[in-house]
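In what follows, a single structure is set out as structure tokens and then discussed.
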Amino acid sequence: MKDAKPFPVLKNDNLLRAARGEVVDRVPVWVMRQAGRYLPEFQELRKQHDFFTVCRTPELACEVTMQPLRRFDLDASIIFSDILVIPQALGLTVEMHAGVGPVLPQPIVVPEDLKRLTPDGALSRLSYVGDAITMMRHKLEGRVPLIGFTGAPWTLMGYMIEGGGSKTMSKAKAWLNEHPEDSKLFLNLLTDAIVDYLEMQVKAGAQMLQVFESSAEHLSKEQFLQWCVPYLKRIRDELVDRLTKKAIPVVPMTLFAKGAGHSLKEQSELGYDVIGLDWTVDPLEARNLVGPNITLQGNLDPQDMYRDPDELRNLTTEMVHKFGKSRYIANLGHGITPQTPITSMEVLVEAVHKAL
């Protein structure tokens, strides 16, 4: 998978230094969904290509990954893909419908449906992501680090049962109550696939990884500790173990559990280098809970990107001052939204870099 030629030397390593707790030249900033719908050049490309065709075509995935870097002085790139490539690789159809989002026309409805999943060979069906990562590392020419990512088990399970996004996750939550043993089976199957997938991404050249537990917000603290934490810990521990045994350098890992501000202390004990925060969490409170030895990432409200530039600049500067320069990566508290003005990204990035 990896090109024979070595990767270019990294020029701006502030993201990785921040993740490891080392001194940085400036606070690093990147934005979740920074390659995407708010960019007119992305919209142009999407007029010609289906969403998952872009994901599955390394040249197109790299082009989209590069688009925000041409406009903004960001400190990281994140490979263009989607968390739902894992359900696809496990045999479920996933379609992207305009104005709706992802749709899984044949969801997992009853435990018997788990037999339809095809974990054998799933990793080989995701090789295009590894190819895109390797290609992107060369295209970046060492400009900034490249982040790889995955959805977390509960979040993927939710999509696979609900048949798409859901405001309540009621069907998936019903599974946890009505089919607890099958839910464990399901989550373990997804965890196995995720560890394989992340290992492949590191081998392909990903310099950092983020695990998106985007649907944590639908669970109580008790449910989060029962149905998310053990699998999130397994992902981190098994990946580190595998990489170490193969003498592959371990890359920093970020856990972003949206809506799980109630469990920051527990998250900080899972072994991840970075904890991502949504906008509902106070930076000072978060630092007290996770302690001094974990990097925090976040957490501007994506809606603040619609404020006037001076207001946005002030909010961003205030946020960075609260987090401080040590062990901090600036970001939004969730993905950037489609109508966000381009000028807001310019203001955000500049304000972060000038804040301290």
Side-chain angles (χ1 to χ4, degrees), residues 27-43 46 64 67-68 71-76 78 80 82-83 96 98-102 147 149 151 155 158-159 164-169 210 212-219 254-264 274-287 296-324 328-355:
V27 171
V29 57
W30 70 280
V31 168
M32 289 179 275
R33 297 201 189 125
Q34 66 187 29
R37 292 174 291 175
Y38 73 104
L39 292 173
E41 53 270 42
F42 176 77
Q43 292 169 15
R46 278 283 281 112
V64 174
Q67 285 174 351
R71 284 185 178 263
F72 314 113
D73 185 19
L74 294 157
D75 296 284
I78 181 164
F80 184 78
D82 194 89
I83 63 170
M96 198 61 76
V100 179
I147 303 169
F149 70 93
T155 295
Y159 275 99
S166 166
K167 287 187 165 57
T168 60
M169 286 286 165
Q210 180 151 317
F212 283 90
E213 190 68 282
S214 313
S215 299
E217 62 191 339
H218 297 287
L219 301 177
T254 301
L255 169 60
F256 177 57
K258 184 173 182 281
H262 48 58
S263 302
L264 290 175
V274 182
I275 301 291
L277 307 174
D278 64 42
W279 66 90
T280 66
V281 177
D282 177 71
L284 302 175
E285 192 182 328
R287 177 53 71 201
L296 295 173
Q297 176 176 282
N299 71 335
L300 194 75
D301 187 339
Q303 282 302 117
D304 288 338
M305 298 289 274
Y306 294 91
R307 293 175 183 258
D308 74 63
D310 287 338
E311 239 183 322
L312 174 58
R313 191 176 290 110
N314 291 339
L315 284 167
T316 304
T317 304
E318 189 183 323
M319 171 182 79
V320 176
H321 284 167
K322 278 189 177 177
F323 280 106
Y328 174 53
I329 297 164
N331 206 316
L332 301 181
H334 194 40
I336 190 168
T337 53
Q339 279 77 42
T340 299
I342 299 289
T343 50
S344 293
M345 271 290 276
E346 292 165 353
V347 169
L348 173 79
V349 173
E350 185 188 18
V352 168
H353 287 155
K354 285 186 170 175

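In what follows, every heavy atom counts, from backbone to side chain, and hydrogens, waters and symmetry copies are set aside.
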**OP:** Please name all residues satisfying side-chain contact (heavy atoms from CB on, under 4.5 Å) with Gln43, sequence neighbours left out, ordered by chain then number.
**Re:** none
**OP:** Report yes if some heavy atom in the side chain of Val347 is under 4.5 Å from a heavy atom in the side chain of Thr316; otherwise report no.
**Re:** no
Original post:
Do you know which two heavy atoms are closest between Thr317 and Ala351, and how far apart they sit?
Top reply: OG1-CB, 4.2 Å
Subject >> Heavy-atom donor-acceptor pair, Asn299 side chain to Val281 backbone, under 3.5 Å >> reply: yes
**OP:** Taking all non-hydrogen atoms of both residues into account, name the closest pair between Gln210 and Ile147 and its distance.
**Re:** N-CG2, 4.2 Å
Original post:
Residues in ring-ring contact (aromatic ring centres under 6.0 Å, His included) with Tyr159, at least two apart?
Top reply: none
**OP:** Please confirm whether the backbone N or O of Thr168 pairs with a side-chain atom of Ser166, one donor and one acceptor, at under 3.5 Å?
**Re:** yes
Subject >> Partner residues of Asp310 under the side-chain hydrogen bond (donor to acceptor under 3.5 Å, both in side chains) criterion, sequence neighbours left out >> reply: Arg313
Original post:
Tell me, which pairs form a salt bridge (charged side-chain N to carboxylate O under 4.0 Å, His left out) where one or both residues lie in residues 331-351, sequence neighbours left out?
Top reply: Glu350-Lys354
Original post:
Could you state the interatomic distance from NE2 (His334) to CG (Leu332), rounded to the nearest 0.5 Å?
Top reply: 10.0 Å
Original post:
Of all residues at least two apart in sequence or in a different chain, which pass the salt bridge (charged side-chain N to carboxylate O under 4.0 Å, His left out) check with Glu311?
Top reply: Arg307
Subject >> Leu74 side, atom CG; His353 side, atom NE2 - distance, nearest 0.5 Å >> reply: 7.5 Å
**OP:** Check Pro28 against Val352 and note the closest heavy-atom contact, atom names and distance.
**Re:** O-CG1, 4.5 Å
Original post:
Where do Asn331 and Trp30 come nearest, in terms of heavy atoms and distance?
Top reply: CG-O, 3.0 Å
Original post:
Got a donor-acceptor contact below 3.5 angstrom from the Tyr328 side chain to the Gly298 backbone?
Top reply: yes
Original post:
Leu312 versus Leu300: any side-chain heavy-atom pair under 4.5 Å?
Top reply: yes
Subject >> Set of side-chain contact (heavy atoms from CB on, under 4.5 Å) partners for Pro341, sequence neighbours left out >> reply: Tyr306, Thr343, Ser344
Original post:
Could you go step by step and tell me if Glu285 and Leu264 meet the side chain to side chain contact (heavy atoms under 4.5 Å, CB included) rule?
Top reply: CA-CA 10 Å; Glu285 192 182 328; Leu264 290 175; over 6 Å; no
**OP:** Indicate the atoms forming the closest heavy-atom contact of Pro68 with Tyr38, along with that distance.
**Re:** CB-OH, 4.0 Å
**OP:** Please list, chain by chain and in numerical order, all residues satisfying ring-ring contact (aromatic ring centres under 6.0 Å, His included) with Phe149, sequence neighbours excluded.
**Re:** Phe212
Original post:
For Arg37, does the CZ atom sit with more than 12 other heavy atoms under 6.0 Å from it, leaving out its own atoms?
Top reply: no
Original post:
When rounded to the nearest 0.5 angstrom, what is the spacing between OG in Ser215 and CD1 in Ile83?
Top reply: 7.0 Å
Subject >> side-chain hydrogen bond (donor to acceptor under 3.5 Å, both in side chains) involving Lys322 - partner list, sequence neighbours excluded >> reply: none
**OP:** Would you check, one step at a time, whether the test side chain to side chain contact (heavy atoms under 4.5 Å, CB included) holds for Phe72 with Ile342?
**Re:** CA-CA 10 Å; Phe72 314 113; Ile342 299 289; 4.0 Å; yes
Original post:
With sequence neighbours excluded, what pairs up with Asn314 under the side-chain hydrogen bond (donor to acceptor under 3.5 Å, both in side chains) test?
Top reply: none
Original post:
Applying salt bridge (charged side-chain N to carboxylate O under 4.0 Å, His left out), which residue pairs with at least one partner in residues 332-343 are found, sequence neighbours left out?
Top reply: none
Subject >> Approximate separation, where rounding is to 0.5 Å, of Arg33 CZ and Thr340 OG1 >> reply: 10.5 Å
**OP:** For Arg71 and Glu41, work out which heavy atoms get closest and say how close.
**Re:** NE-OE2, 2.8 Å
Subject >> Approximate separation, where rounding is to 0.5 Å, of Met319 CE and Asp301 CG >> reply: 11.0 Å
Subject >> Point-to-point distance, once rounded to the nearest 0.5 Å, from OG1 of Thr337 to CD of Gln303 >> reply: 5.5 Å
**OP:** State which residues pass side-chain hydrogen bond (donor to acceptor under 3.5 Å, both in side chains) with Asp278; sequence neighbours excluded, sorted by chain then number.
**Re:** Thr280
Contacts under 3.5 angstrom, residues 254-262 side chains, donor-acceptor by atom type, not counting sequence neighbours:
unit_1	atom_1	unit_2	atom_2	d
Lys258	NZ	Glu217	OE1	2.7
Lys258	NZ	Glu217	OE2	3.4

